[in-house]
Q: 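There's a structure below that I have some questions on.
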Protein chains: 2
Amino acid sequence: MNAVDVRTRILREATRLFAERGVSGTSIQAVATAAGITKPTLVYHFGGKDGLRTAVLAEFMDHWRHELPKLLTAAASGGPRLDSLVEALFDFFRRDPDRARLLLRESLDRPEELRTLLRDSVQPFTALITQAMRMGQMQGAIREKVDPEAFVVLVISCAVGVVAVGPFVSGLMSPEPSVDAQQAELIRMARVALLNPPGST
Amino acid sequence: MNAVDVRTRILREATRLFAERGVSGTSIQAVATAAGITKPTLVYHFGGKDGLRTAVLAEFMDHWRHELPKLLTAAASGGPRLDSLVEALFDFFRRDPDRARLLLRESLDRPEELRTLLRDSVQPFTALITQAMRMGQMQGAIREKVDPEAFVVLVISCAVGVVAVGPFVSGLMSPEPSVDAQQAELIRMARVALLNPPGST
DNA sequence: CCTACCGATCGGTAGG
DNA sequence: CCTACCGATCGGTAGG
């Protein structure tokens, strides 16, 4: 029962509960119980509820910051393939849907704070993507009418939305489209809306 | 100060506060104060916090149920124009972004309950849209590869997402795409991804 | 529609 | 890392 283990356990349970019920819907007592410790112990490790929330968010951002470069290079390895990029995006979130829910909750609860975090840690990478898109536009591979910044924001937030609430908003339709179907359709939409048709030179 | 006025005022303030801070982040005391009454009065009118939440959601669903038919007929009047349909969807939510935030929060907090509500009140109308889309596919106007159910779910949830958190997730990009730009790009994406190119008969 | 009040739970501290 | 404890606020009730 060393300190690292406890910290990790607290963070894991906090992430799960925050994603499921939101920060204000989760008491630090509930997190402590889930982690198998008492409340004062949690406070000792994270300084209080706000410190815990910050730590959960920081861990998430760290994970993303380390994953994004891999994701980009992997996608670029087979040439600039949009499909694999969007698929990798889905993989990242579907591997742990709590990430998507947490992100969505945070953007509702603390929009300004999240905006700052995103700006600092992921914006440099998305800038690479839009830059590549403008190159593609000059070369004629990508449709001129595409707004690169808006396009990337839409695809990312749509992917997050599908993973976070896709299984439930599908109640809008009959038959309900599975998350797989929603993912496939988003990838299709993005490709068709992005690329010029093959024989249009 | 008749009862109808008070009920309306409570509902309005509750909607605003629930959208901004979430249900669990809003005390009924805060709602009562915002509505200019005391807490027991609120409880008298809505039976408790859960009754208030249900009433807020019911009002929202009612609004949508009445608006959707108008929206569909308006869109159909100029022929089945996708643009105007998506624009009307955006108008509905942008007229009061709290609706979008509330919907997003509810889909995170009470997914099963929302699923049921959507199924009962909106699904009949979305069924009309997917039906029209399949007709379009048989006539060759709409791409064969489109998955109607997944497509409609994606466009709707993406529109909700843009209105609810678009102003903030734009922090991902530089320069930040405005909500207008995100809306325009979604409409462009949806049209290109949906329709067969003009000279493809 | 309000005053007065309740038990339970909240986040957090003292002290070890 | 825990026991014991705190004031504040929570949702809700009694009674008028």
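Small disclaimer: the values here were computed from a predicted structure and weren't measured. Throughout, protein chains are lettered first and strands after them, A, B, ... in sequence-line order, and every chain is numbered starting at 1.
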Q: Return yes if some donor-acceptor pair links the side-chain N/O of B/R99 with the main-chain N/O of B/F92 below 3.5 Å, else return no.
A: yes
Q: What protein N or O atoms touch nucleotides 8-10 of chain C N or O atoms at under 3.5 angstrom, if any, and at what distances?
A:
from, atom 1, to, atom 2, distance (Å)
C/dC10, OP1, A/S27, OG, 3.2

Q: Answer yes or no on whether B/R105 is positioned over the face of B/F18, meaning its NZ or CZ is under 6.0 Å from the six-membered ring centre and within 45° of the axis.
A: no
Q: Return the value, rounded to whole Å, for the distance between atom CG of B/L42 and atom C1' of C/dT3.
A: 17 Å
Q: Is the distance from the ring center of A/W64 to that of A/F125 below 6.0 Å?
A: no
Q: Ignoring hydrogens and angles, tell me if any N or O in the side chain of B/H66 forms a donor-acceptor pair with the backbone of B/D62 under 3.5 Å.
A: yes
Q: Output the single nucleotide from D/dC2, C/dC2, D/dT13 whose closest atom is nearest the side chain of B/V43.
A: D/dT13
Q: Determine whether a donor-acceptor pair (N or O, by modelled atom type, separation under 3.5 Å) exists between the side chain of B/E106 and the backbone of B/L57.
A: no
Q: Rounding to an integer number of Å, can you tell me how far B/Y44 OH sits from D/dA14 P?
A: 16 Å
Q: Report yes or no: does A/R9 contribute a side-chain atom to a donor-acceptor pair with the main-chain N or O of A/A35 at less than 3.5 Å?
A: yes
Q: Rounded to whole angstrom units, what separation is found between the CZ atom of A/R53 and the C1' atom of C/dG11?
A: 15 Å
Q: Within the distance-only criterion (no hydrogens, no angle test), does the side chain of B/K49 pair as donor or acceptor with the backbone N or O of B/V43 below 3.5 angstrom?
A: no
Q: Counting only N and O atoms by type, is there a donor-acceptor contact under 3.5 Å from the side chain of B/R16 to the main-chain atoms of B/L11?
A: no
Q: Quick one: stems involving DNA chain C, counted as three or more successive Watson-Crick or G-U pairs, both distances short of 3.5 Å.
A: C:1-16 with D:1-16
Q: Counting only side-chain heavy atoms from C-beta out, which of D/dC2, C/dC1, C/dC2 sits nearest to A/T41?
A: D/dC2
